[in-house]
Amino acid sequence: MQQAHLAALNAYREYRRCTGSQSTDELVEVVTGPQIVDRIWQFEKAAESEVVRFDSPPYHTEGGANPIEVNNLERGVKYRVVYSSSAVQNSAYYAVNLQPCIAAGEEARVLTEVPVKLTVFDRRLAIVSMSSVEAESNESLLLVRPSSLLTALLGLFETAWSSGYPMHLSAQVPPALRPLQCRILELLGTGVTDDTIAQLLGVSRRTLSRHMEQLYLVAGAANRFQLALYAARKKWI
């Protein structure tokens, strides 16, 4: 992540050097107030091929469901999202947003923290705002159009994506696994505790332990580490 930050800084310096007399008004726009949510949904609906995102609280959209993403996934738009641990550990957000989007086909990974709140639509427009690490409230949004800065933001995302721990499962997961067991596998890579997994899934620790034992049996594993190795070897994730 330190290397990613340095790469972004270097790209930004190059962007400042190369833009010259080009008007920054055409490249970066600041959106404030009630327009923020409207613009976010406008860009989300207009996505055509790919959306990449750093997801971390707080949320302009109050952390609710995202039916637009689910609809976009159904019509073939690809989503790749890197979540912060704080996003995953929010049980309400996990239930109404994160898990339904993963179930609909979103590719998801997780890091302890993400460097910035970011969404890039079709590699043509980025929206940037502050994460909970940087601010208690979200009162402004930056729109970044094609430029060296946008290229730097995409590079930062790709570096973080390659470093993240997968949450989504592949099509090679055995159909015999129950949906709850698949969701347990999705959460194991996030590093959250068993108590948190049980809370996110709305089950008791006893129920979670029973399903974990069944997963260990399938994989011939004695612990989480061996289960993760087995899942990776079998290309479940």
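The first residue in the sequence is number 1, and the count goes up from there. All values below were derived from every heavy atom in this structure, side-chain atoms included, with hydrogens, water molecules and symmetry-related copies excluded.
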Rounded distance (nearest 0.5 Å) linking atom [atom1] of [X] with atom [atom2] of [Y]:
X: Ile40; Y: Leu141; atom1: CD1; atom2: CG; answer: 5.5 Å
X: Asn72; Y: Glu48; atom1: CG; atom2: CD; answer: 10.5 Å
X: Tyr165; Y: Leu188; atom1: OH; atom2: CG; answer: 14.0 Å
X: Ile184; Y: Arg178; atom1: CD1; atom2: CZ; answer: 10.5 Å
X: Thr151; Y: Leu156; atom1: OG1; atom2: CG; answer: 12.5 Å
X: Ile68; Y: Phe43; atom1: CD1; atom2: CZ; answer: 12.5 Å

Electrostatic pair Asp55:Arg53 at N-O distance under 4.0 angstrom |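 Here Asp55 does not pair with Arg53 in a salt bridge, since their nearest N and O are not under 4.0 Å apart.
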Under 4.5 Å between any side-chain heavy atoms of [X] and [Y], yes or no?
X: Leu177; Y: Leu185; answer: yes
X: Arg80; Y: His168; answer: no
X: Pro57; Y: Ser84; answer: yes
X: Val128; Y: Lys117; answer: no
X: Arg224; Y: Tyr216; answer: yes
X: Phe157; Y: Val120; answer: no
X: Leu149; Y: Leu27; answer: no

Same apolar cluster: Val37 and Ile127, side chain cutoff 4.5 Å | no
Any chain of hydrophobic side-chain contacts (each under 4.5 Å) joining Trp41 to Val77?
->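 No, no single cluster joins them.
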Applying salt bridge (charged side-chain N to carboxylate O under 4.0 Å, His left out), name anything that partners Arg210, two or more places apart in sequence or on another chain.
->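 Once residues adjacent in sequence are excluded, Arg210 has no partner under the salt bridge (charged side-chain N to carboxylate O under 4.0 Å, His left out) criterion.
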Can you name the salt bridge (charged side-chain N to carboxylate O under 4.0 Å, His left out) partners of Asp38, sequence neighbours left out?
-> none
Of all heavy-atom pairs between [X] and [Y], which one has the smallest distance, and what is that distance?
X: Asp122; Y: Ser49; result: OD1-N, 2.8 Å
X: Thr32; Y: Ser140; result: CG2-CB, 4.1 Å
X: Arg205; Y: Asp195; result: NH1-OD1, 2.6 Å
X: Val88; Y: Met167; result: CG2-SD, 4.0 Å
X: Ser56; Y: Val114; result: CB-CG2, 3.6 Å
X: Leu153; Y: Val144; result: CD1-CG2, 4.3 Å

If you draw a 6.0 Å radius around CZ in Arg75, do more than 12 non-hydrogen atoms from other residues or ligands fall strictly inside?
->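 Correct, the count exceeds 12.
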Counting heavy atoms not belonging to Gln42, are there more than 12 under 6.0 Å from its CD?
->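 Correct, the count exceeds 12.
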Counterpart residues, side-chain hydrogen bond (donor to acceptor under 3.5 Å, both in side chains), relative to [X] (two or more places apart):
X: Arg39; answer: Glu29
X: Asn223; answer: none
X: Asn71; answer: none

Quick one: do Glu44 and Asn66 satisfy side chain to side chain contact (heavy atoms under 4.5 Å, CB included)? Show the steps, please.
-> CA-CA 10 Å; Glu44 192 98 26; Asn66 189 351; 3.7 Å; yes
Taking ILVMFWY side chains as joined if any heavy atoms are under 4.5 angstrom apart, and letting links pass through other members, which residues group with Leu217?
-> none
Could you work out the complete set of other residues in the hydrophobic cluster of Val70, with links drawn between I, L, V, M, F, W and Y side chains under 4.5 Å apart?
-> none
Stepwise side chain to side chain contact (heavy atoms under 4.5 Å, CB included) test for Leu142 and Val30 | CA-CA 5 Å; Leu142 293 181; Val30 180; 3.5 Å; yes
Which donor-acceptor pairs under 3.5 Å do the side chains of residues 97-110 make with protein atoms, sequence neighbours left out?
residue	atom	partner	partner atom	Å
Asn97	ND2	Gly64	O	2.8
Glu106	OE1	Tyr83	OH	3.3
Glu106	OE2	Tyr83	OH	2.6
Arg109	NH1	Trp161	O	2.7

Pairs touching residues 179-191 that satisfy side chain to side chain donor-acceptor pair (under 3.5 Å), sequence neighbours left out = Gln181-His211, Gln181-Gln214
Check ring-ring contact (aromatic ring centres under 6.0 Å, His included) between Tyr93 and all other residues, then give those that pass, not counting sequence neighbours.
->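 Once residues adjacent in sequence are excluded, the partners of Tyr93 under the ring-ring contact (aromatic ring centres under 6.0 Å, His included) criterion are Tyr59.
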For residues 225-237, please give each side-chain donor-acceptor pair under 3.5 Å, one per line with the distance, not counting sequence neighbours.
residue	atom	partner	partner atom	Å
Gln226	OE1	Ala222	N	2.7

Step-by-step side chain to side chain contact (heavy atoms under 4.5 Å, CB included) determination, Lys78 to Val51 = CA-CA 6 Å; Lys78 181 179 180 180; Val51 177; over 6 Å; no
Non-neighbouring partners of Gln89 that pass side chain to side chain contact (heavy atoms under 4.5 Å, CB included), sequence neighbours left out =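 Checked Gln89 against side chain to side chain contact (heavy atoms under 4.5 Å, CB included); matches are Ser85, Val192, Thr196.
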